[in-house]
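In what follows, a single structure is set out as C-alpha cells and then discussed.
Labels below follow one simple rule: chain letters A, B, ... track the order of the sequence lines, proteins then strands, and each chain is numbered from 1.
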There are 2 protein chains.
Amino acid sequence: MTIGELARRSGLTQSRIRFYESIGLLKTVERRPNGYRIYPPEAVVLLDLIATAQTAGFSLDEIRALLPGDLDHWDHEALVGALRRKVAEIEALEARLRQSKTQIMALIGEIEARPGDIDCAANARRVLSRMFDEVKKNPTLAADDVRRRGTAGRRSARTG
Amino acid sequence: MTIGELARRSGLTQSRIRFYESIGLLKTVERRPNGYRIYPPEAVVLLDLIATAQTAGFSLDEIRALLPGDLDHWDHEALVGALRRKVAEIEALEARLRQSKTQIMALIGEIEARPGDIDCAANARRVLSRMFDEVKKNPTLAADDVRRRGTAGRRSARTG
DNA sequence: CTTGACCCTAAAGTTAGCTTTAACGTTAGG
DNA sequence: CCTAACGTTAAAGCTAACTTTAGGGTCAAG
C-alpha cells in the first residue's frame with residue numbers, strides 16, 4: 001500500500017510516517033520504480049504499536065530500542081524490564097502530582113481562611129511565607145509534568 | 001543587590017533571571033550608571049515564588065497572568081480560580097496515568113502468562129491483539145505527560 | 001597595568017516530536 | 001492537454017523554558 005493509504009489506516013500523518021523513517025524508527029521500505037514507498041500490511045500494526053507505546057509513555061528512543069527487527073521476535077526480557085521501569089516512573093510521577101495537589105489545595109485554604117478584615121498585604125505575606133515553608137520541606141516536586149500539555153495531545157491533525 | 005547575588009540567593013541562574021525579564025515576567029529593574037542591574041531584596045521572594053509556582057505546574061505564561069504588579073496586592077479571585085483549575089488538571093492527569101499504568105501492567109501479565117512452550121510468534125500476535133483491543137476501548141490516554149522528563153527537572157545548573 | 005571576577009547584549013542552540021513549506025515529479029480521469 | 005490528487009525531498013519552523021556563545025565593558029586587587 002502507498003503511504004497515503006497507510007496514513008489513513010493507521011491514523012498517523014504521512015509526514016509523521018516519513019519522519020519515523022528518517023530517524024530510523026521504521027526501516028527503509030521498498031520503493032516502486034517511480035520512487036513511491038510501498039508498505040506491507042503489517043506496517044499498520046507496527047504504527048499502531050508505536051502510537052500505543054507512546055500513549056503509554058515511551059519516548060521514540062525507547063521504542064526504537066525495544067522494537068525487534070521482526071515483529072514476531074521480541075526480546076521478552078528487555079521488554080518486560082522496560083515495562084516495569086515505566087510503571088515505576090509513572091508511580092513516581094503520581095507521587096509528585098499528589099504532592100503538588102496537596103500543596104495547591106493547602107494554599108487555597110490559606111488564601112480563603114484570611115482574617116475577616118481585608119488586610120491584603122499582611123495576608124499576602126502570611127500566605128507567601130507559609131507557601132515557602134511547605135515547599136522547602138519538600139523540594140522534590142513534580143513541575144515539568146503538570147505543565148505543558150494542552151489537554152489534547154498533538155495526536156489530532158490528519159493530512160490528506 | 002547585583003544579579004549575581006540574586007542568582008546565588010534564589011538558586012536561579014543569571015541567564016534565567018535575565019530571560020524572565022526579557023519575556024516580561026519580571027519588570028525591568030533599576031540600573032547602576034554602568035548598566036548593572038540592581039535588585040531590591042524582595043526580588044528573592046519573587047523568584048522563589050515563580051519557581052514554586054512552576055513546581056506546582058504553572059507555566060510562565062500562567063504565572064505572568066497571575067502575578068500582581070505589587071506583591072502585596074493579589075487578585076484573590078483570579079488566583080484561587082487558577083489554583084482550582086490547576087488542581088482539576090492534575091486530577092485529569094492522575095486519571096490518565098492510572099489508565100496507562102493499568103494497561104502496562106496488564107500487558108506485562110499477558111507477556112508473562114504465555115503458554116509453556118516457546119511459541120514466540122503466536123504469543124507476540126496474541127499479546128499485540130489484546131493490546132490494541134484494550135487501548136482502542138480507551139483512546140484518551142496520557143502519553144505526552146509520562147514521557148519527557150528525565151526524573152530530575154532542568155532545575156539544577158548553577159552558573160557563577 | 002594586568003588579571004580575574006563580575007556585568008552587559010543579541011543571537012543562536014537545545015530537546016522532542018512532529019508539521020509546514022517549497023519546489024518538483026507522477027498518475028488517473030475527463 | 002489539463003487538472004486534481006497523489007507522491008518525493010530537504011530544510012525550516014513550532015513549543016517551552018532556558019542555556020550557550022560571542023564579543024565586549026567594569027571593577028577591585030596587587
Checklist entry - Should the heavy atoms of other residues, nucleotides or ligands under 6.0 Å from CD of B:E77 be counted, would the total exceed 12? => result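 Check fails, neighbour count at 12 or below.
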Nucleotide [N], atom [atom2] - distance to [atom1] of [X] in whole Å:
X     : N      : atom1 : atom2 : result
B:L6  : C:dC7  : CG    : P     : 10 Å
B:I38 : D:dC27 : CD1   : P     : 13 Å
A:R8  : D:dG7  : CZ    : C1'   : 12 Å
B:E21 : C:dA10 : CD    : C1'   : 14 Å
B:R32 : C:dC6  : CZ    : P     : 13 Å
B:L60 : D:dC18 : CG    : C1'   : 9 Å
B:F19 : C:dA10 : CZ    : C1'   : 15 Å
A:E62 : C:dA16 : CD    : P     : 11 Å

Side-chain N,O ([X]) to OP1/OP2 ([N]) below 4.0 Å:
X     : N      : answer
B:S59 : D:dA16 : no
B:T2  : C:dC7  : yes
A:T13 : C:dT19 : yes

Checklist entry - Looking across every strand, which nucleic acid part, if any, lies under 4.0 Å from B:I23 by heavy atom: base, sugar-phosphate, or nothing? => result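 It contacts nothing in the nucleic acid.
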Checklist entry - For A:R37, which contact category applies under a 4.0 Å heavy-atom criterion: base, sugar-phosphate, or nothing? => result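 A:R37: backbone/sugar contact only, no base atoms under 4.0 Å.
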Counting heavy atoms from C-beta on, name the nucleotide in [options] closest to the side chain of [X].
X     : options                : value
A:R18 : D:dC18, C:dC18, D:dT9  : D:dT9
B:Q54 : D:dG7, D:dA17, C:dT19  : D:dA17
A:N34 : C:dC18, D:dC18, C:dT27 : C:dT27
A:R31 : D:dT9, C:dC8, D:dT19   : D:dT9
A:Q14 : D:dG7, C:dT19, D:dC18  : D:dG7
A:R16 : C:dT19, D:dA17, C:dG17 : C:dT19
B:Y36 : C:dT26, D:dT19, D:dT26 : D:dT26

Checklist entry - Given side chains that start at C-beta, do those of A:L60 and A:I63 come closer than 4.5 Å, heavy atoms only? => result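 Yes, close enough: below the 4.5 Å cut-off.
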Next on the checklist: Is any side-chain heavy atom of B:L83 closer than 4.5 Å to one of B:K86?
Outcome noted: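 They are not in side-chain contact.
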Checklist entry - Does the pair B:E21/B:R18 count as a salt bridge with the N-to-O cut at 4.0 Å? => result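 Result for this pair is no, no salt bridge flagged.
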Checklist entry - Rounded to the nearest 0.5 Å, how far apart are CD of A:E5 and OG of A:S10? => result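 Between atom CD of A:E5 and atom OG of A:S10 there are 10.5 Å.
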